[in-house]
Amino acid sequence: MRNPCLGLVLLCSLNVQGAAEVEKISIAVGEMTFDAMAAGPSDGVPVVLLHGFPQTSHSFHRLLPALTAAGFRAVAPDQRGYSPGARPEGVAAYAMPNLVGDVIGIADSLGFETFHLVGHDWGGAVAWVVAGIFPQRVRSLVAISTPHPAAFGQAMADPESDQSSRSSYMQMFASDGSESSFLANDALMLRTILASPPIPEEDRNVYLEALGSEESLRAALNWYRALLAGRQSTASSSSAGAPQTPGAPSVQVATTYVWGTEDMAFSNQAARASEKHVSGPYHFHPLEGVGHWVLEEHAEGLERIVLEHLEKYRDD
C-alpha cells in the first residue's frame, strides 16, 4: 500500500458523539484540495463515503463512530464544488467523468489501492459509476437512496413511470442563476429543503454555512446543470443519427442498495430495476415508511446494514 500520509495535511481533530476521534484533513488531488473527515486506524480497511446535495461530509458523522469501532479507516470528502479548494468554474467541470476521477484521485492520494465505497444521493450516483468502471479498485458498494444510473434513466424515459415528475425539480435546480433563488429571503428555499424533520437543526446549520454563498451553491448546483447538459447533448446526437452515449456500466462488485419506500426523488420502478445492472452479489434493502434522508431518518438501521455489508465483504 502507498504511504497513507501522501497528499494529506492534518488540520485538526475532534470528538464525534464521544465515540470516535475524527480528523479533519485536506487531500491534494492535482491542483485541487478536498476537505474531508477521517476516522479509524490508519491501517484499517479503507472506506470512502460520498455525500449528496445539499449536504457535506458531515452527513456521515453518525456513521463514523461505528466504522471506527469496527476497525475501518473511513474518509468522507467534501466533494467537488463543496470544498473551497476544489471549486473549478464552469458547468463542464462538474460532468460525471470529473466526479468519478475525483474519487479515484482521492483514493490514490490517501494510498488506498482498494476501498469500499458508500454513497448517498448524488454521492450514490457517483459511487455506482466508480464501482462500475473500476471494479479492480472498489471492494464493494453501498448505495443509499440513489438507483443505478441506467435504471434511473430508463425510468425517466418510461411514459408509464412517475420518475420524470419526481425529477422535475432538477430543471429549476439547473436553471441559470438558480442559486440566487435558493439564497433569496435569507436562503428560504435552501432552508425549506433542509427543514425535513429527520435533519436536526444543528446539522442544517452546518449545511447552510457550507452552501450559504452564491459561489458555493453555484458549484453544487452545477452538478445538476452538467447532468442535464449531458442529456441534451446525448439527445441531439441521437436525433442526428449518431450513436447514443452508453449508460453507466453494470457493477461487478458486491453491492447493497438501501432505498426508502417514501423517497420523494426516486421511484419504486427505478429502485427495483437497479438489480438488473449488478452482476455481482446483490442485496436490496427497501425501508418501509422511510424517505430520502435515510442517514438521519433511519440512522441506527442504516448503521446495521452498512456494517453487516462491510463485515461480509471486508477482505474482498
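Just so it is clear, the values below take in all heavy atoms, side chains as well, and ignore hydrogens, waters and symmetry mates. All residue numbers in this chain count up from 1 along the given sequence.
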inquiry  = Could you walk me through whether Val129 and Ile133 satisfy the side chain to side chain contact (heavy atoms under 4.5 Å, CB included) test, starting with their C-alpha distance in whole Å, then the side-chain angles of each, then the deciding distance to 0.1 Å, before giving a yes or no?
reply    = CA-CA 6 Å; Val129 181; Ile133 296 177; 3.6 Å; yes
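- If you look at Trp122 and Tyr224, their ring centroids are closer than 6.0 Å.
- When the options Val47, Val75, Ile106, Ile104 are evaluated for a side chain to side chain contact (heavy atoms under 4.5 Å, CB included) with Phe112, the one that passes is Val75.
- Without hydrogens or angle criteria, Asn222 side chain to Tyr94 main chain gives no donor-acceptor distance under 3.5 Å.
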key: Verdict with reasoning, Arg137 to Thr114, per side-chain hydrogen bond (donor to acceptor under 3.5 Å, both in side chains)   = CA-CA 4 Å; Arg137 300 293 302 274; Thr114 60; over 6 Å; no
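- The existence of a salt bridge linking Arg191 and Asp186 is confirmed by a sub-4.0 Å separation between a basic side-chain nitrogen and an acidic carboxylate oxygen.
- Annotation for Glu31: atom CD does not count as buried by contact number, only 12 or fewer foreign heavy atoms lying within 6.0 Å.
- Salt bridge Lys24/Asp78: absent, no basic N to carboxylate O contact under 4.0 Å.
- A side-chain donor-acceptor contact under 3.5 Å links Glu297 to the backbone of Gly291.
- Glu300 CD: 12 or fewer foreign heavy atoms inside a 6.0 Å radius.
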request  = Apply the test side chain to side chain contact (heavy atoms under 4.5 Å, CB included) to residues Asp102 and Val126: give CA-CA distance (whole Å), side-chain angles for both, the deciding distance (0.1 Å), then the verdict.
outcome  = CA-CA 10 Å; Asp102 290 344; Val126 174; over 6 Å; no
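- Under a 3.5 Å cut-off, the side chain of Ser59 and the backbone N or O of Gln55 do not form any donor-acceptor pair.
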task = Take Val100 and Trp128 through the side chain to side chain contact (heavy atoms under 4.5 Å, CB included) test and state the conclusion after the steps.
result = CA-CA 10 Å; Val100 170; Trp128 278 111; over 6 Å; no
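- Side-chain N/O atoms of Gln269 and Asp158 include a donor and acceptor closer than 3.5 Å.
- Checked for salt-bridge contact, Arg73 and Glu23 meet the test: a charged N lies under 4.0 Å from a carboxylate O.
- Between the Arg166 side chain and the Asp263 main chain, a donor and an acceptor come within less than 3.5 Å of each other.
- When atom types are taken as modelled, the side chain of Thr33 and the backbone of Val29 share no donor-acceptor pair closer than 3.5 angstrom.
- Tracing side-chain contacts under 4.5 Å through hydrophobic residues (I, L, V, M, F, W, Y), one never reaches Tyr313 starting from Val130; they form parts of separate clusters.
- Pro77 pairs in a side chain to side chain contact (heavy atoms under 4.5 Å, CB included) with only one of the listed residues (Asp35, Leu110, Leu50, Val103), which is Leu50.
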inquiry  = Between Glu179 and Arg225, does the salt bridge (Lys or Arg N to Asp or Glu O under 4.0 Å) criterion hold? Intermediate values first, please.
reply    = CA-CA 12 Å; Glu179 55 271 13; Arg225 293 171 181 136; 2.6 Å; yes
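- For His148 and Phe152, the gap between ring centers reaches or exceeds 6.0 Å.
- Considering CG of Asp108 and CD of Glu113, their distance stands at 8.0 Å, rounded to 0.5 Å.
- Between the side chain of Gln163 and the backbone N or O of Ala265, at least one donor-acceptor pair lies under 3.5 Å.
- Listed by chain and residue number, Glu311 satisfy the salt bridge (Lys or Arg N to Asp or Glu O under 4.0 Å) test with Arg314 (two or more places apart in sequence, or in another chain).
- Grouping the Ile, Leu, Val, Met, Phe, Trp and Tyr side chains by contacts below 4.5 angstrom, directly or via other members, places Val91 apart from Leu217.
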message = Using side-chain hydrogen bond (donor to acceptor under 3.5 Å, both in side chains), reason through Thr255 and His283 one step at a time and then give a plain yes or no.
response = CA-CA 6 Å; Thr255 299; His283 310 272; over 6 Å; no
task = Go through the steps to decide whether Arg62 and Asp203 satisfy the test salt bridge (Lys or Arg N to Asp or Glu O under 4.0 Å), and finish with yes or no.
result = CA-CA 11 Å; Arg62 292 176 185 80; Asp203 294 342; 2.5 Å; yes
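- Crowding of Glu214 atom CD: a count of heavy atoms from other residues, nucleotides or ligands under 6.0 Å exceeding 12.
- Residue pairs meeting the salt bridge (Lys or Arg N to Asp or Glu O under 4.0 Å) criterion with at least one member in residues 268-296: none, sequence neighbours excluded.
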query = Please walk me through it: do Trp259 and Ile144 pass side chain to side chain contact (heavy atoms under 4.5 Å, CB included)?
reply = CA-CA 6 Å; Trp259 169 75; Ile144 306 168; over 6 Å; no
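- With contacts defined as side-chain heavy-atom distances shorter than 4.5 Å, the pair Ser161/Met156 does not qualify.
- A ring-centre distance under 6.0 Å is found for His58 and Tyr207.
- Thr192 places a side-chain N or O within donor-acceptor distance of the main-chain N or O of Leu188, the cut-off being under 3.5 Å.
- With sequence neighbours excluded, no residue satisfies side chain to side chain donor-acceptor pair (under 3.5 Å) with Ser83.
- Checking side-chain atoms of Thr146 against main-chain N and O of Asp121 turns up a donor-acceptor pair under 3.5 Å.
- Under the 6.0 Å cut-off for aromatic ring centres, His292 and His120 qualify, their centroids lying closer than that.
- In this structure, the ring of Phe34 has its center no less than 6.0 angstrom from the ring center of Tyr82.
- In this structure, the side chain of Arg204 does not engage the main chain of Ala195 through any donor-acceptor pair within 3.5 Å.
- Under 3.5 Å, the side chains of Ser168 and Ser165 contain no donor-acceptor pair of N or O atoms.
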